[in-house]
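Naming: A, B, ... by sequence-line order, numbering from 1 per chain.
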Number of protein chains: 2
Amino acid sequence: MAKKPTLRDVSRLSGLSVYTVSKALNNADGVSARSRELVLKATRELGYVPNRAAQELRRNTRSSVAVITASTSNYYYIDLMKGIERTLRLSDRTAVVADIAAEGVYTPDLEDATIRNLIQSRTAGVISTLTLRQENVELLADWDIPVVFVDSHPPENTGLPSITMDNAAASLRVGAHLAEHGYPDWLFLVYPALWSTRLARERGIREAARLHGAELTVLESRNDAASAHATLSAHLDRPGTTAPRAIIAGNNPMVHATLTVLGERGLRVPDDVAIIGFDDFAWAPLLDPPLTMLDEDSEHIGVLAAQTLARLIDEQLDAERQGRSPTPVYRPEDSREVSADLVIRRSCGC
Amino acid sequence: MAKKPTLRDVSRLSGLSVYTVSKALNNADGVSARSRELVLKATRELGYVPNRAAQELRRNTRSSVAVITASTSNYYYIDLMKGIERTLRLSDRTAVVADIAAEGVYTPDLEDATIRNLIQSRTAGVISTLTLRQENVELLADWDIPVVFVDSHPPENTGLPSITMDNAAASLRVGAHLAEHGYPDWLFLVYPALWSTRLARERGIREAARLHGAELTVLESRNDAASAHATLSAHLDRPGTTAPRAIIAGNNPMVHATLTVLGERGLRVPDDVAIIGFDDFAWAPLLDPPLTMLDEDSEHIGVLAAQTLARLIDEQLDAERQGRSPTPVYRPEDSREVSADLVIRRSCGC
DNA sequence: CCGTACCTCCTAAACGATTAGGCTAAACGG
DNA sequence: CCGTTTAGCCTAATCGTTTAGGAGGTACGG
C-alpha cells in the first residue's frame with residue numbers, strides 16, 4: 001500500500017465529515033444508524049486502521065505499561081509477566097519490558113536512560129522489579145506516572161506501593177526447618193541488595209540462626225549463576241573453610257550454582273550438605289535430589305501489581321477528566337505482602 | 001507537575017522559536033553555539049522531555065518492534081528475547097512482546113486482535129515465533145510492516161524470511177544416536193504443528209526411524225507440560241501398550257512431562273526408558289539423570305532475527321526518504337538455518 | 001403556522017512535534 | 001560602496017486524530 005488510508009479518506013469515501021466518522025468508529029452516539037453503516041463500509045473497503053500515535057497525542061492517554069527488570073534469566077519473571085499480562089489485557093493495555101541490565105550487569109546509566117525513554121513515550125505506568133534510584137523515582141513522580149514495585153521496595157520515604165512476598169516470615173520458616181534437622185552451620189548464598197528482597201531475606205535468616213543457635217555465613221554474589229558459581233567455589237577453596245552442613249540459596253541462579261558446585265566436589269545432597277532454595281519452579285521436583293524450596297506465587301504477585309497499577313491509572317484519568325490534579329494518589333493498602341509456602345522435598349534431608 | 005512542558009514552553013523560556021529549539025535538541029546544524037546553549041539551559045530548567053507520540057506522528061517512524069509468541073512458559077524464549085533485545089538496543093529500538101495464547105491456549109481470534117493492535121500502533125516490524133494466519137501476514141504486508149519468523153515458518157508462498165535451527169538434520173542426528181544404542185522402538189512426544197518446527201522435527205525423526213529400522217510412535221499433545229503429562233499417561237495406560245524403549249521429547253514442556261510420568265510409574269531413566277529432548281537449557285545437567293539434549297543456540301537465533309529485521313526497517317526508511325516505495329524487500333539470504341549440537345549426557349543411556 | 005427541542009452532522013481548533021520556504025543581518029569580494 | 005553569499009532564525013503548514021461550538025432539519029405541541 002503506497003499511502004496508508006486516514007480518517008480523511010474514510011470521510012471522503014463515505015461522504016461524511018471526519019467528525020461523524022470518528023464518532024461512528026468510537027461507537028459514540030449522535031450518529032444515525034445509516035451513517036454508521038456507511039462509515040463501517042468505507043472503513044472495510046479501505047482497510048482503514050486508526051493511527052494510535054495520533055490518538056494518543058490528541059487524547060493524551062497511553063496504552064502501555066512498562067515492566068522494569070534486570071537480567072530476566074531468573075525464571076520466576078516468566079510467571080510474573082504472565083500474571084501482569086493477563087491482568088492488563090482486561091483493560092486493553094500492553095506490557096513492555098525494559099531490562100536495565102546490559103549484558104547481565106546492572107548499570108545506573110542504563111537505568112537513567114531507560115527512565116528517560118519511558119518518560120519520552122509517556123508510559124501509562126511502571127512496574128519495577130527492583131528499587132530504582134531516588135532521582136528516577138522523583139522524575140517519574142514529576143511526570144505523574146504511577147509506579148508499583150514488585151519483589152522489591154521503593155526508595156525510602158517515597159511511600160510508593162510495593163508487592164512482595166513476606167520474605168522475613170518465609171526466611172524464618174526456612175531457618176526453623178533447618179533447625180529441626182539439627183544442622184549446626186548454615187551458609188546463605190545470596191544476590192546483591194540492589195534486589196531489595198535480599199534485605200528481608202537476610203534479616204529473617206539471621207534471626208533464625210540466632211534463635212536456633214546455628215552458625216551463619218552470608219556469602220554475596222552477583223545475580224547470575226556463573227558469578228555465584230565462582231563466588232561459592234572461591235569460598236570453599238579458602239584455607240580453613242569446610243563445607244557447611246546446610247546451604248540456603250537466595251534465588252534461582254544461586255540454587256543452580258550451589259548444585260553445580262557441590263556436584264563438582266562430589267558432595268552429596270542432602271547427606272553431606274543440605275539445600276533449601278528460594279523461588280520454587282517447575283523443574284525443582286525433577287532435580288537430583290528433588291529440591292525443598294520456598295514457593296512464592298509470582299503469577300499472583302504479578303496480578304496484584306497490575307491490578308493496583310491499573311486502578312491508579314484509571315483514577316488518574318478520572319481526575320484529569322474532572323479537572324483535578326493528575327498526580328497519582330497511593331493508598332497504604334496498595335502495598336501488600338503475600339505469604340509463601342515451604343515445599344518440602346528431599347534436598348533438605350527430609 | 002500540573003502541565004507538562006512542551007517544545008513551546010522551552011521556546012518561550014529560551015526566547016528562541018520552536019524551530020530553533022527543535023533543531024538544537026536534535027543536534028542538527030543551523031544553530032549557533034550560543035542558541036544551543038540557551039536551549040539546553042531552558043530544557044534542563046523546565047525538565048522538558050520530548051513527546052514521542054508527537055514525534056512519531058510527525059516523522060512517521062516507530063521505535064518499537066513486536067515479538068509474537070504463544071505461551072512463553074517455554075524457557076527458551078528467555079534466551080531468544082535476550083538476543084533480540086541486545087541487538088535492537090544498538091539501533092535504539094524497543095521490543096514489545098505480544099502473547100497470542102490467552103490462558104496458555106492459542107486462539108485465532110486473539111491472533112487477529114493482536115495483529116490489528118500492532119497495525120494500530122504502526123509497529124516498526126514483527127518477529128514471530130509461530131506461523132501466522134495467511135490473512136494476517138497479508139494485512140501486515142498491506143501496511144508495509146516487515147516480518148521475520150523465528151523457529152517457525154511463514155505461510156506458504158509468502159517468501160518471508162525465517163530463521164530456524166536445522167531441525168531436520170538435528171532430528172536425524174537424534175535418531176542416529178538412539179540407533180547406536182540399539183533401541184528398537186521410539187516414542188516421539190510432540191507439540192502441535194501450529195509451531196511449525198514440529199514438521200521438520202517429525203520428518204527427521206521419521207526418516208531416522210526408517211533408516212535404522214526402529215519402530216516409531218508419534219504422540220501429539222498441546223504445548224504445555226500439564227497437557228503432555230495427560231497425553232502421555234493416557235497413551236501408556238491404553239491396553240496392549242507397553243512403554244517404549246526410548247522417548248524423544250519435542251521441546252521443553254514435553255521433556256518435563258516425560259520425566260514426571262516416568263517417575264510416577266517407577267520407570268528408570270535410562271535403564272528402562274531412554275530420553276533425548278529438544279532445546280537444551282540451564283537445568284538439564286542437574287536433572288536426574290542429566291539429560292541428553294539438542295542444543296539450539298536461541299540467543300544467536302534472536303540476534304540474527306533482530307539484525308535482519310533492523311536492516312529491513314532501515315532500508316524501508318531509506319526508500320521512503322528517497323521517495324521510493326516503502327514495501328520491504330526480502331532477500332533469499334535473509335532466511336537462515338543454524339545448526340545445533342547434540343549434547344550427550346546420561347539420559348540416552350551413555 | 002410558529003417556537004422549541006432534539007437529532008444529526010459539520011467546521012475548525014486543538015494535541016506536540018518537524019520542516020519547507022523565506023527573511024535578516026553579517027561577512028566578503030570586487 | 002554595492003551585490004552576493006551564508007549562517008542563523010522565524011513563520012506557518014503539516015502529521016492523523018478528537019471534540020467544542022454551532023448549524024440545519026425534522027417533529028411536535030400549541
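Between the CD1 atom of B:Ile119 and the C1' atom of D:dG16 there is a distance of 17 Å, given to the nearest Å. At whole-Å resolution of the value, CG in B:Leu16 and P in D:dC10 are 5 Å apart. The distance between atom NZ of B:Lys23 and atom P of C:dG16, rounded to the nearest whole Å, is 21 Å. With rounding to whole Å, B:Arg34 atom CZ is found 12 Å from D:dG8 atom P. As a whole-Å value, the separation of A:Glu56 CD from D:dT18 C1' is 13 Å. Across the protein-nucleic acid pair, B:Glu37 atom CD and D:dG8 atom P stand 15 Å apart, rounded to whole Å. Atom NZ in A:Lys4 sits about 18 Å away from atom C1' in D:dT14, given to the nearest Å. Rounding to whole angstrom units, CG of residue B:Asn51 and C1' of C:dC15 are separated by 8 Å.
Remark: A:Ser32 is in phosphate contact with C:dC9, judged by side-chain N or O atoms under 4.0 Å from OP1 or OP2. Between A:Tyr19 and C:dA14 there is no side-chain polar atom (N or O) within less than 4.0 angstrom of OP1 or OP2. The side chain of B:Thr20 places an N or O atom within less than 4.0 Å of a non-bridging phosphate oxygen (OP1 or OP2) of D:dC10. Under 4.0 angstrom from either OP1 or OP2 of C:dT18 there lies at least one side-chain N or O belonging to B:Gln55. For B:Asn26, a side-chain nitrogen or oxygen approaches OP1 or OP2 of C:dT18 to under 4.0 Å. OP1 and OP2 of C:dG16 both lie 4.0 Å or more from every side-chain N or O belonging to B:Thr6.
In this structure, B:Asn60 reaches neither bases nor backbone, as no heavy-atom distance under 4.0 Å exists between it and the strands shown. Among the heavy atoms of the strands, none lies under 4.0 Å from B:Asp29. Contact annotation for A:Ser22: base contact, defined as any heavy-atom pair under 4.0 Å involving a base atom.
Between A:Lys41 and A:Glu45 there is a salt bridge, since a side-chain N of the basic residue sits under 4.0 Å from a carboxylate O of the acidic one. A salt bridge links B:Lys4 to A:Asp144: one of the charged nitrogens lies within less than 4.0 Å of a carboxylate oxygen. Under 4.0 Å is where a charged nitrogen must lie from a carboxylate oxygen, and between B:Asp314 and B:Arg311 no such pair does. A salt bridge between B:Arg122 and B:Glu56 is absent, with no side-chain N of the basic residue lying under 4.0 Å from a carboxylate O of the acidic one.
Across the interface with DNA chain D, nearest-nucleotide mapping of A:Arg8 and B:Gly30 shows B:Gly30 to be the residue nearer the 5′ end. Mapping B:Arg36 and B:Arg122 onto DNA chain D via the closest heavy atom, the residue that lands nearer the 5' end is B:Arg36.
Between the side chain of A:Arg58 and the base of C:dA14, a donor-acceptor pair under 3.5 Å is found. In this model, no side-chain donor or acceptor of B:Arg59 finds a partner on the base of C:dT18 within 3.5 Å.
Side-chain atoms of A:Thr61 never come within 3.5 Å of backbone atoms of A:Arg59 as a donor-acceptor pair (strictly under, hydrogens ignored).
Closest to the side chain of A:Leu57, out of D:dT17, C:dA17, C:dC15, is C:dC15.
Pairing each heavy atom of A:Ala95 with each of A:Glu85, the nearest pair is CB-CG, 4.1 Å.
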